[in-house]
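Report on the structure given below.
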Amino acid sequence: MSVEKLKSNATTRIEFNRFPRVDLCHQPTPIEEMPRLGALLGGPKLHIKRDDCTGLATGGNKTRKLEFLMGEALREGADMIVTQGAVQSNHVRQSAAAACKLGMKCHVLLERRVPDRDESYEKTGNVFLDKLFGTTFEFRPNGLDMNAEAMAVTEGLRNAGHKPYFIPGGGSNATGALGYANCAQEIVDQSVQSGLHFQWLVMGTGSSGTQAGLVAGFHILGYDLPVMGISVRQPKERQTGAVLATTQKTLAHLGGPDIAPDKILVDDGYVGEGYGIPAPSTLEAIRLTARQEGILLDPVYSAKGMAGLIGLVRSGFFKPEDNVLFLHTGGSTSLFAYEDQISEDLA
Ligand SMILES: *Cc1c(COP(=O)(O)O)cnc(C)c1O
């Protein structure tokens, strides 16, 4: 849809007031240009949506999800949240901070998902901040059904007299994804205000809620902005299936129309050896974005997303006149847990 048509159609809005919500997020987050990175790569015009600047405890994409998840937790009378993530989870860090802000306790399960890390990996970066926020945590080995583990722990806490609220990994359910349907609305509003229309949105995709919320939001608004998810973990078929399932649940929650499965776009060419293991293209994305734009990415998510954007530009995927929007989902806190590999790349 053109910006002109959108302006005339600007009454189409998603009504979020019917969902419980708490105010945690600096919003709208800015959309900025990346002129030096764009010039270096020689492709389309590159822009960046700064969701690393959402304001809660170094920011990131989980803040928008937590506005709705914590809203639901408070409505249910919870005094504690229980969630799970990998050891260097940004979701856990932001959930812990949100719990502090609302005077709730936070208990988390951390999965040792990334192999061959030294002992500092479980002390620095996000883990250090989890401790600072007074979170209690327990570790799990790699490969369990972590949501099932965390739900079992939640039940145990309930039986012990607590009032826990369970948040799935990454905050990725229909409630959390509302935060990104709201971000879709925000991007449309910013496009209308600035007159700048984007042809593509590129982002790192993991537990699926961010991409699902955006796709659901743009779909309801009738806004034609394809979202390319760069997988950080799973092969294309599995990631596409996960994002589609969350998108459908989010649309059902919002009362939106059905969506064609081919609207879910995933590229799995930048995962490297696996979750939390930076590939050479990940390290290059961290270095280029820092040195061209003064922007910090993280080695687990946003730099794999940026590596995808860089790779797509180099392969001629975009037209030279396109405006491409990269969603910066945050995560730079975990840079410190990867100092060894990043320094090796810089040397
Ligand atoms: C969680 C996370 C993502 C992925 O978002 P999902 O909703 O889990 O797909 C991307 N970037 C960062 C920095 C994250 O912490």
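Note that this is a predicted model, so its numbers are computed, not measured. When a ligand or atom number is given, it counts from 1 through the structure's own listing order.
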Per-atom contacts, ligand 1 versus Asn90 - under 4.0 Å to a heavy atom | 13 (C), 14 (C), 15 (O)
With a cut-off of 4.0 Å, which atoms of ligand 1 are near a heavy atom of Thr205?
-> 9 (O)
Please determine if Glu155 and Arg158 form a salt bridge, counting it only when a charged side-chain N lies under 4.0 Å from a carboxylate O.
-> yes
Out of His91, Lys62, Gln88, whose heavy atom sits nearest atom 14 (C) of ligand 1?
-> Lys62
Heavy-atom distances under 4.0 Å are what count here, so tell me which part of Asn61 touches ligand 1: side chain, backbone, both or neither.
-> side chain
Does Lys163 come within less than 4.0 Å of Glu76, counting only side-chain N to carboxylate O?
-> no
So, is Gly331 polar-close to ligand 1, with some N/O to N/O distance under 3.5 Å?
-> no
If you measure every N/O of Lys65 against every N/O of ligand 1, is any gap under 3.5 Å?
-> yes
Is it true that the side chains of Asn61 and Thr210 contain a donor and an acceptor less than 3.5 Å apart?
-> yes
Which atoms from ligand 1 have a heavy atom of Ser172 less than 4.0 Å away?
-> 7 (O)
Counting each atom of ligand 1 from 1 as listed, which ones have a heavy atom of Gly330 under 4.0 Å away?
-> 13 (C)
Can His162 and Asp79 be said to form a side-chain hydrogen bond (donor to acceptor under 3.5 Å, both in side chains), step by step?
-> CA-CA 7 Å; His162 296 282; Asp79 60 6; 5.0 Å; no
How long is the gap from CD on Gln94 to CG on Asn126, to the nearest 0.5 Å?
-> 8.5 Å
Could you tell me whether Phe128 and Phe336 have their ring centroids closer than 6.0 angstrom?
-> no
Considering only the protein, which heavy-atom contact is closest to atom 8 (O) of ligand 1, and what is its distance?
-> Ser207 OG, 2.5 Å
Numbered in order shown, the ligand 1 atoms found under 4.0 Å of a heavy atom of Gly206 are 4 (C), 6 (P), 8 (O), 9 (O)
Residue Asp298 vicinity, atoms of ligand 1 by number, heavy atom under 4.0 Å = 13 (C)
Between Phe198 and His47, does the ring centre distance come in under 6.0 Å?
-> yes
Would you say Glu67's side chain and Cys25's backbone share a donor-acceptor pair under 3.5 angstrom?
-> yes
Side chain of Thr289, backbone of Ala285: donor and acceptor closer than 3.5 Å?
-> yes
Based purely on interatomic distance, does Tyr301 place a nitrogen or oxygen under 3.5 Å from a nitrogen or oxygen of ligand 1?
-> no
Would you tell me which option among Ile230, Thr246, Thr329 has the nearest heavy-atom contact to atom 10 (C) of ligand 1?
-> Thr329
